[in-house]
Every structure is written in structure tokens, then in C-alpha cells.
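Side chains included, hydrogens not; waters and symmetry mates left out as well; all remaining heavy atoms used.
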Amino acid sequence: MHAPAAHITRSDQSADESLFAIPDIVSTESGDGSVVMASRTRLAAFENSVGEMLRRWAARTPQRVLFGERDATGGWREVTYAEARLAADAIAQALLDRGLGPTRPVMVLSGNGVHHALLTLRCLTAGVPIVSVSPAYSLQSNDFAKLRQVAAIARPRLVYVSDATAFGSALQALGGDVEIAAGAAAPGILATPFSDLLRTAPQAAVERAFAAVGPDTVAKVLFTSGSTGSPKGVVTTHRMLCADQQALAQVWPFCAATPPILVDWLPWSHTFGGSHNFNLVLKHGGSLYIDQGRPLPGLLDVTLANLREISPTIYFNVPAGYAALVPALEADDDLARAFFARLQLIFYAGAALQPDVWARLRELSLRTTGRAVAMTTSWGATETAPAVTTAHFALDGPGNIGVPLPGMQLKLAPVGAKLELRVKGPNVTPGYLGEPELTAAAFDDDGFYRTGDAATLVDPDDPGAGVRFGGRIAEEFKLATGTWVSTGGLRLAVLAATDGLIQDAVVCGHDREAVGLLAWINPAAAQRALGANASATEIAQRLRQSLAAHNAMHPASSTCIRRLLILTEPPSIDAGEITDKGYVNQRAVLDRRAESVAELYAEPPGPAVIEIPVPRQTVDRSRSGEPLSTS
């Protein structure tokens, strides 16, 4: 055993001091090859509960807008902090009257909205967990299997839907001893109008319940997507949420000077939108305008209309969202001016941003404002509430997920040939609801939560330079030669090589002789590169050229792409191929599209398969550099 070695480093990359705190990172190396990183900045004291944030700002800035939502006329219905506080207290009393408590939560089936937000605040005030479920489980399912699994684990006492007609089949599938509350009623469905909850007069019981809420009180239960198994309920406490926001506040001091204004669609059934963004607004007394749009055909226009009217100070999105937004900004100077008018930070997460999208966003900000708006990302998980790292320093491109936030320890632990990211800190879940065995298996012997994500240090000599995300360890596979393929890194390389023409891709080749791709085309990128009337043949030829150039630069058998098959059916949320945030699940796609994989590797290849030229010598690194094949 070697004695642990300690390194204290300060990133020498410049940071905009008006925006970010400069990172100061300590790292410790252990004899087993693990590296543990942490910030030398101590985590400051934080609130006992998220409800304290609401009450603080309701007292200090009662007339400031907390939530905004389009109403039936198309105008903005705005709810102030004072109004939200009164509504939260009223609904809290209504729920206490119905016997809800720590073990009988509220479950919300519908998407983001003011009623959903007020229910959340009420739960946070009264110590009643809230369970926000992906609407896809109710609206895009034929058998409602996942919805019933979630309900069986969470055991809700009350279920809320915005529209009882739209969610009627899902409500019938739930059955059980639950009360239904609805924003809009439906014939044949017995439901309490949401307005009745709002009319309840708060009593002393609300204050007693609020006083009883503490750091270890369960604030919410968030369910993982369940794409590789049954959904798991992640217990999320007030300590987790408050600690995470305090850590973020310490590295983003600009939020204290300028309370954030968000125009945000990210779903509250996921940790990015529901924990990170929702609570960021509450922490700093900001405003959240609820965007009912999506980066999807027919729904993007909703987002664009909102951004024309409300200029955000921070804009959060997933890479697919930015890929859809950028062409609209490039084509409309007025929209770009509205978008960038008071924008301080562009933030992406959920997956890696395509390099061409990064470059075009930077160019748009320079062209529109004369300055490069800061761009950053973060990394975390539902189990970490969610942020563990963020890049609070200048970045020159995507890929770097930053350094640990104050109060959190990040371990890079050897797992085979990879380094797994593991986390310890006040933001980490105590476990999975009703699943003690899964909970025990989720932590290593040192108490670190095992995320299953891989990473490498950007600079092994300076941990303060950040960490580079390496994909999911479970998605790695071996070729028939025994060579390991790193799907996360290869996917990023492919997206970069094709200049955004490929919107997303799934890497294939398990137990095969060579790597292949299933991919989806980005129509906007194809139009930009090849013209509005580009044919499938022209697109195929451009992809063949781009990937051949990639192969020339990356000749190893684990990085050389031999074949490509374009998919026309979009990834399915209901089938677990993609989450509400737009992250493609490699395993789920391969399982569901086994016939496409077979077509990709058929001999001889069919007409839809694009064969990619390879270098004269393709190197198999598992065989110490021996040529794998010669063309």
C-alpha cells in the first residue's frame, strides 16, 4: 500500500469574479487508485427547509412575481410571493384536514403549472412529501404499468391532475383509496376542485406542521425513469435540497445581486427542473415563468413566443433544446435581442452539448450583445439533489463538467478500466423508498453513493481544472476482439465530427467485429449544410465523408465507425428510449430496436446501411497495436 498523497490546487483559469467564485480544490489519492476531490471552501449554514425560503421572500419582497403562466387569453397570470405564501398555507391546511402526512404524500400526474407549483409549496410547508410523476406515464402509456408501480411504492393519499378528462384513463388505472383533486373536472370522475383547496382557511395546525419540518423531513420522492428496470423512488430531504442550493449560491454569487428570472420548460418530475431550477428561484427570490413549450415540432413555437416577451437572466435547457433553439435565434434578430437582453448565463445539462451548437451560441451572443455570454454545465443525479459539480470558471468548449461544489466530496474510483464518479455530502439521498437492499447496494464501503457514471480528470496534475464526463459505465461494451468501447466518448466524437448533422446516436457493436451507429438526423442542420431540398443520398454522402475523416483521426477499432443506419422513428419516452429532458438511453434503444441492429450488421449490407471508409490500418488497442484489418 502506498501512502495517500495530497494535492491542493487552485485553478489558474480566469473567472469572471462578478459571476463565479474561483474554485479552490483539494484532492487526495489513495493506494487503490481512487482520487477524492473536494472544495476547500466550507459550505455555509443553510435553511432547515425549503419552506423557509418562500416565507423569507414573501416577507421581504411580497409583490415580486414568483410564478408566471399563460392563461386562457394568452396573457400572463402572475403569482406574487405574498400570494404564493397565502395559497401554500391554505392548501397545507386542506391537506392536513385530509390526514396527509409524512407517509401519505400527494402525487401529481400532470406537468408543470401554477397549481402544481402551489401544491409543491404547500407540501414543503406542511411536511407532506410530493411525488411529481412524468406525465408520459399517464398520457403515453397503454397499460399504465409504470404508473401503477410508482403508486404502489409511494402510497399517495391524494392525486392531483390539471384536467380530469385528459387523465381519466390513468386515474381509473390507479384505483385504490385515494382522493382526486383536479384543476378541471370531468363527467363520471369524482374529484375535489383545486379551488376548494385554495379556499381553506389556515389554522394553527399549519404553523405547528411548519415548525416540525426539519432537515431530515422528506420533501419529495422523485422516481427514476426505470428504463433499465422498475422505477425507484429517490427519497429527497429538505437537507439535500437546501444544502445543494447553498453550495450553488456560493459559487454563483451573481444570483444574490440579480435574482434569477427563468423561462423554463424542464419537467418537475425530474431533478433538473424540479429540484435544481425550481429551488434556485426560491433560494434567491427570483421569478419562474412556466414555459409550456418543448424542443419538439409544434411546441418550439410556444417557447419562442415566451422568450420574445420574457428575457431570462439564466437560461436552462438540455442539448436537444439548444439544437432546436439556435436556428430560430440565428434567423430572427428581434428574437435574439430579446433572448440575450439580460442573459447572464447559458446552462446546459442532461447530456453533452454538441460542439457546433456551443460555437453558434457563442457567436450569437457576440453578434447580438457584443460580449460572449458565459456558458457552463453541471453534473449530478436524482440521488444528489442534484448538482455535485459545476464549471464555475471559463470554458472554451463542452465536455468539462467542472469541480465539486462546497461541502461535497467526489471520488473517482477504479471500476475495471474506468473511473466511476461517487459522491458523499449533505446533498446525497438516504436511500430508495421501501427498497433497503437497493439502498445498501447503492453505497460503497466508505459511504460514497455509486452513480454508475464514468469520468476522467481534465488535467491529472490539476484537479481544479475540472472533470470530463465519460458516459455510463453500464453502457460500455466489448467488441468480439475483446476491445472495450467507450460509448460516451465516442458518441461525443461523432456529434462533433458531423457538425450537428447527427442529432443523436447510439453506439453498437457488442460482441461484433466492428463499431456501428444508429442515428437520428438533425433536419435544421441538414438544411443549413446542404440546402432546403437536400436528398437522402446527399445527406448520406456528407455523413460518409465526415465519419471517414473521423476514422482517419481515430483509427483504433474502438473508435472507428464502420457502418451507419439512419433511424426515422424518434426515440420513445414511453418505451424508455428517451427521458422528458431529451437524454437518449443507449440500452433501451438497443433492446427495443434489435431489428435495426441486425439490419446494421447484415451481410451483405442492405441499401439503407451507409458504409464508412476506414484507414488502411485499423488498430486494435487490445492487441498492443496490431493491425485489426487492412482495406
Minimum side-chain heavy-atom gap Gln586-Val507 below 4.5 Å: yes
Non-neighbouring partners of Arg544 that pass salt bridge (Lys or Arg N to Asp or Glu O under 4.0 Å), sequence neighbours left out: none
Leu517 to Ala505 - nearest heavy-atom pair and separation: CD2-CB, 4.4 Å
Test ring pair (Phe, Tyr, Trp, His ring centres under 6.0 Å) applied to Phe339 and Tyr315, step by step: CA-CA 9 Å; Phe339 178 71; Tyr315 192 66; 5.2 Å; yes
Under 3.5 Å side-chain donor-acceptor pair for Arg472 and Asn585: no
Check against side chain to side chain contact (heavy atoms under 4.5 Å, CB included), Gln245 and Phe46: CA-CA 8 Å; Gln245 286 301 321; Phe46 49 85; over 6 Å; no
Shortest non-hydrogen contact between Val403 and Pro23, atoms and distance: CG2-CB, 3.8 Å
Chi angles and distances behind the ring pair (Phe, Tyr, Trp, His ring centres under 6.0 Å) call for Phe278, Phe67: CA-CA 10 Å; Phe278 189 98; Phe67 299 117; 5.7 Å; yes
Option from Lys283, Gln246, Arg239 for which side-chain hydrogen bond (donor to acceptor under 3.5 Å, both in side chains) with Glu47 holds: Lys283
Donor-acceptor pair between Trp265 and Asn306 side chains, under 3.5 angstrom: no
Asp356/Arg528 salt bridge by N-O under 4.0 Å criterion: yes
Exam field: side chain Ser365 to backbone Val373, donor-acceptor pair closer than 3.5 Å: yes
Plane angle bin for His276 and Trp252 - parallel if under 30°, tilted between 30 and 60°, otherwise perpendicular: perpendicular
More than 12 heavy atoms from other groups under 6.0 Å of CZ on Arg42: no
Residues that Ala493 engages under side-chain contact (heavy atoms from CB on, under 4.5 Å), provided they are two or more places apart: His550
Donor-acceptor contact present, side-chain Asn551 to main-chain Ile561, <3.5 Å: yes
Polar contact flag, side-chain donor to acceptor under 3.5 angstrom, Asp291-Thr303: yes
Close side-chain approach of Leu300 to Arg294, heavy-atom, < 4.5 Å: no
Met553 side, atom CE; Cys560 side, atom SG - distance, nearest 0.5 Å: 13.0 Å
Considering all heavy atoms, the nearest Pro319-Ala349 contact: CD-O, 3.4 Å
Single hit among Trp358, Phe340, Phe316 for side-chain contact (heavy atoms from CB on, under 4.5 Å) with Ile346: Phe340
4.5 Å side-chain heavy-atom contact, Leu304 and Leu325: yes
Side chain to side chain contact (heavy atoms under 4.5 Å, CB included) between Asp264 and Ile290, intermediate numbers included: CA-CA 6 Å; Asp264 195 33; Ile290 300 166; over 6 Å; no
Under 3.5 Å: donor-acceptor pair, side chain of Ser287, backbone of Val65: yes
Phe448 side, atom CZ; Lys411 side, atom NZ - distance, nearest 0.5 Å: 5.0 Å
Trace of the ring pair (Phe, Tyr, Trp, His ring centres under 6.0 Å) decision for His392 with Phe254: CA-CA 12 Å; His392 52 104; Phe254 71 97; over 10 Å; no
Main-chain N/O of Ala44 paired with Gln250 side-chain donor or acceptor, under 3.5 Å: yes
salt_bridge(Glu475, Arg587) N-O dist < 4.0 Å: no
Results of side-chain contact (heavy atoms from CB on, under 4.5 Å) for Arg450 - residues two or more places apart only: Glu420, Arg422, Asp444
Beyond-backbone contact of Leu43 with Leu405, side-chain heavy atoms, under 4.5 angstrom: no
Donor-acceptor side-chain pairing of Asn277 and Trp268 below 3.5 angstrom: no
Reported CG-to-CZ distance for the pair Leu364 and Arg362, which is rounded to 0.5 angstrom: 11.5 Å
Flag, side chain of Ser27 to backbone of Met37, donor-acceptor distance under 3.5 Å: no
Minimum heavy-atom distance Leu280-Cys255, with the two atoms named: CD1-SG, 4.4 Å
Arg342 (side chain) donor-acceptor with Ser311 (main chain) under 3.5 angstrom: yes
Under 3.5 Å: donor-acceptor pair, side chain of Thr368, backbone of Ala336: no
Heavy-atom side-chain contact between Val36 and Leu410 under 4.5 Å: no
Heavy-atom check, side chain of Leu543 versus side chain of Ile566, under 4.5 Å: yes
Leu501 side chain reached by Asn522 side chain, heavy atoms, under 4.5 Å: no
Chi angles and distances behind the side chain to side chain contact (heavy atoms under 4.5 Å, CB included) call for Leu282, Leu66: CA-CA 8 Å; Leu282 287 173; Leu66 172 53; 4.1 Å; yes
Donor-acceptor under 3.5 Å (Thr390 side chain, Leu248 main chain): no
Exercise: do Lys220 and Ser275 side chains pair donor with acceptor under 3.5 Å: yes
Tyr81 and Trp57 aromatic ring geometry - parallel, tilted or perpendicular at 30°/60° bounds: tilted
Any side-chain donor near an acceptor of the partner, Glu309 and Tyr289, under 3.5 Å: no
Side chain to side chain contact (heavy atoms under 4.5 Å, CB included) evaluation trace for Thr429 with Met240: CA-CA 7 Å; Thr429 182; Met240 294 167 60; 3.8 Å; yes
Thr559 and Val515, any side-chain heavy atoms less than 4.5 Å apart: no
Distance-minimising heavy-atom pair for Pro570 and Trp520: CA-NE1, 3.8 Å
side-chain hydrogen bond (donor to acceptor under 3.5 Å, both in side chains) between Ser132 and His116, intermediate numbers included: CA-CA 9 Å; Ser132 297; His116 189 166; 2.9 Å; yes
Carboxylate-amine/guanidinium proximity below 4.0 Å for Arg40 and Asp24: yes
Distance-minimising heavy-atom pair for Gly274 and Asn279: O-ND2, 4.4 Å
Under 3.5 Å donor-acceptor, Thr61 side chain and Arg64 backbone: no
Under 3.5 Å: donor-acceptor pair, side chain of Asp332, backbone of Leu335: yes
Criterion side-chain hydrogen bond (donor to acceptor under 3.5 Å, both in side chains) against Trp379, the qualifying member of Thr389, Asp453, Thr451, Thr384: Asp453
